[in-house]
Every structure is written in C-alpha cells, then in structure tokens.
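These notes are about the structure you will find just below.
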Amino acid sequence: MKERRSLAAAGLGAALSLSAVGRAAHATDEIQVYNAGIAEVGQFTIQQHLNDVALGQKNPPFPGELASNHSLNGTPEFAYGVTDWWEVGLYLPFSVQDERFYSDAFKLRTLFVSPHAEQRNFFYGVNFEFSNETPPFSQSRFSMEIRPIIGMRNSDYEFIVNPIVDIHFGKFSEQHFTPAARIARRFGDDLFAGFEYYSDLGQIGSFDKLADQQHTLFAVTDFKAGVFDVNFGVGYGLTPASDRLVVKTIIGYAFPVPGQKPDGNTRMGSGPVNPFTHAATRGFQP
C-alpha cells in the first residue's frame, strides 16, 4: 500500500532489521466495523472504500513492500444476499502511490449472521475472508481473516466489537490479533456519529510491545446522500507504529430487491453505514 522505497534507499541494514521483525503487512483497503447487517435475499449491494493515509509509516514492513505514507488505498466491494442469515462478497483491493496503481488481487468472503440483526437488541455473526495477495502488499500469497461480530443496539445507541484474527499462510505464516470496535449515537433520521477503534496487537501468543502495536481511533459519521449511504471518518494513530492521520470514506448503494419496490430505508450489508435506519421505525426483538 504505499510509498515504494528501494532497498538501497532504505539502507541495507534497516531493511534487514525490518524483515527480521516479520510483521504481517496488509493494505488498509477496508477500515470497517461489521454490524451483522446483510443484503436481503436476492439483493446485490456495492460499496466503494477509499482510505487516504495523509501521514503514515515511511518505512515498509519488509523489503519491496509499499510504505503507507501518502497513499490512497481502497476496494470496490460487491455483495449478494443468499439467505436471511448468509451473504457472500468479493473485493478487488488496490493502492495508488506516486501516481502508480497497484492491484492486490482479490478477496472472497462469506458472512453468517443472526437474521434481521438490524431489528435486534443483541446481534452476532462471523465473517470468513480469504485473500489472494500480491508481493507489494504481503510476504504471504494467501491469508485468511476470521471476524466474529458481537453487538448491542437500541433506538439511540450502538456498540459493536469485532475480535478479528488475521492468519497468513506459507513461509512467513503469522496469526495476528486485530480487534476493532464501534460506538455510535443517532442524532437524526439520517445522521449518526461516534467513534471506531482499530488495532493490531501482533502475533498471538507473543504480542508486540505497546510502541510496536497499531492503535487508531476514528471519529466517524454516517449519513444518507440521496440513494447512497456514506460513512466518513478521520483517524489518529495512538502509537509510533500506527499511521498518524487517515481519512476514510465508504460510499454504498443497495440495488432494489427483485420483485420489491425500492425502499428509501434499505441499507447496506455488513457495513457501518446508517445503523439505526430500521431502529427509528421498528421495535426491537431479542
């Protein structure tokens, strides 16, 4: 993701030192807390993720990788509702650095949730994501993310935790614990604000020292722009290993469900956009 620096420019000693650290590298193509919401049965949705790292890491995690500073990362995300508890999706991650475009191949995901999560006080689910990655983004060709979803909601507030495990396979196999969380409040029919937290604690069983962990806090807002759902946030890195300033945007559209009339309150699957749309008009179920 990020600014490419040659081994010579970074310095042979520094590059070897970074390689020895062995931290898992991954593009910040998706900065999102999953809320167990999914597309309706037979419905397609699309989200465009864009994350601008205004102030990031200037050194790559390993030789040949892209550093995060001054990079634009993102992915289009396509999803389809299979049942009222199962959604599948496809990502095409990318990064733009120094006017050059880098592709990170693709990701496939399958998401299982409690049905009609947007109507429940307590909701849950789990997402499995399988990635085929390219060398500028990771030392591992294949990786997997396991993302449990645990959340509570009423008509005014929402609190969600995603205790994520990132698994990288092959010679540089690692298993990182990267929990994320969200708390938000409803301020109007289509206006919501709150905070999201993202982290990477390091290798499971041997967490990094605090200065080497990644901890980022985002102030976020969710709103409607016509037929589009928008999530916008500004994040600040709390540790030296974190990107210092990141601006994220998610723009989503839910296609009409076949056989149904379009509903202005229809919301996106698996994203943090407009989490209280149904909460404002319906009673909650356990």
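Here the closest heavy-atom approach between residue Val165 and residue Ile204 is recorded as CG1-CD1, 3.8 Å. His168 and Gln175 make their closest contact through O-NE2, 4.5 Å (heavy atoms, listed as atom of the first residue, atom of the second, distance). Minimum interatomic distance between Ala117 and Asn35 (heavy atoms only, all atoms of both residues): CB-O, 4.4 Å. Between Thr75 and Gln48, the shortest heavy-atom distance links the atoms O-NE2, 3.3 Å. Taking every heavy atom of both residues into account, Glu87 and Arg109 meet most closely at OE1-NH2, 2.8 Å. Nearest heavy atom pair, residue Asp29 against residue His49, reads O-CB, 3.2 Å.
Summarising the local packing, CZ of Phe195 is surrounded by 12 or fewer heavy atoms from other residues, nucleotides or ligands at distances under 6.0 Å. No more than 12 heavy atoms of other residues, nucleotides or ligands lie within 6.0 Å of OH in Tyr124, so this atom counts as exposed by the packing criterion.
No donor-acceptor pair under 3.5 Å is formed between the side chain of Ser199 and the backbone N or O of Leu201. Judged purely by atom type and a 3.5 angstrom limit, Lys248 uses its side chain to pair as donor or acceptor with the backbone of Ile31. Side-chain atoms of Ser140 do not come within 3.5 Å of backbone N or O of Phe142 as any donor-acceptor pair. Asn51 places a side-chain N or O within donor-acceptor distance of the main-chain N or O of Thr28, the cut-off being under 3.5 Å. Arg153 contributes no side-chain N or O that, together with a main-chain N or O of Ile160, makes up a donor-acceptor pair within less than 3.5 Å. Under a 3.5 Å cut-off, the side chain of Ser242 and the backbone N or O of Thr216 do not form any donor-acceptor pair. Distance alone, capped at 3.5 Å, is enough to place a donor-acceptor pair between the Asp243 side chain and the Gln57 backbone. Under a 3.5 Å cut-off, the side chain of Tyr198 and the backbone N or O of Gln32 do form a donor-acceptor pair. Glu158 places no side-chain N or O within donor-acceptor distance of the main-chain N or O of Met152, the cut-off being under 3.5 Å.
Residue Val88 is grouped with residue Phe255 when hydrophobic side chains (ILVMFWY) are merged at heavy-atom distances under 4.5 angstrom, including chains of intermediate members. In terms of hydrophobic clustering, with Ile, Leu, Val, Met, Phe, Trp and Tyr side chains grouped at heavy-atom distances under 4.5 Å, Val82 and Val41 are assigned to different clusters. Under a hydrophobic-cluster definition in which Ile, Leu, Val, Met, Phe, Trp and Tyr are linked whenever side-chain heavy atoms come within less than 4.5 Å, directly or via other members, Phe128 and Trp85 are assigned to the same cluster. There is no path of hydrophobic side-chain contacts, each under 4.5 Å, that joins Leu217 to Ile164. Residues Phe130 and Trp86 share a hydrophobic cluster, clusters being chains of Ile/Leu/Val/Met/Phe/Trp/Tyr side chains in contact below 4.5 Å.
Distance CD1/Ile250 to CD/Gln47: 5.5 Å, rounded to 0.5 Å. Note that CZ of Phe177 is 6.0 Å distant from CZ of Phe207, once rounded to the nearest 0.5 Å. For the atom pair CZ (Phe192) and CZ (Arg186), the distance works out to 6.0 Å, reported to the nearest 0.5 Å. Going from atom CG of Leu90 over to atom NZ of Lys107 covers 11.5 Å, rounded to the nearest 0.5 Å. Considering CD of Gln203 and CG of Asp208, their distance stands at 9.0 Å, rounded to 0.5 Å. We find the OG1-CZ distance between Thr110 and Phe112 to be 3.5 Å, quoted to the nearest 0.5 Å.
Under the 30°/60° scheme for interplanar angles, the aromatic rings of Tyr80 and Phe44 are found to be tilted. In this pair, Phe228 and Tyr253 present their aromatic rings tilted. The plane angle is within the 30 to 60° band.
Both the sub-6.0 Å distance and the 45° axial angle are satisfied by Arg244 relative to the ring of Tyr236.
The side chain to side chain donor-acceptor pair (under 3.5 Å) search around Ser173 returns none, not counting sequence neighbours. Not a single ring pair (Phe, Tyr, Trp, His ring centres under 6.0 Å) links Phe78 to another residue, sequence neighbours left out. Judged as a side chain to side chain donor-acceptor pair (under 3.5 Å), and not counting sequence neighbours, the contacts of Asn132 are Arg141.
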Derivation of the side-chain hydrogen bond (donor to acceptor under 3.5 Å, both in side chains) call for Asn73 and Ser95: CA-CA 4 Å; Asn73 309 279; Ser95 182; 2.8 Å; yes
Audit row: Asp222, Asn231, side-chain hydrogen bond (donor to acceptor under 3.5 Å, both in side chains) steps and yes/no: CA-CA 5 Å; Asp222 309 310; Asn231 169 258; 2.5 Å; yes
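Counting heavy atoms from C-beta outward, Asp229 and Lys224 have side chains that approach closer than 4.5 Å.
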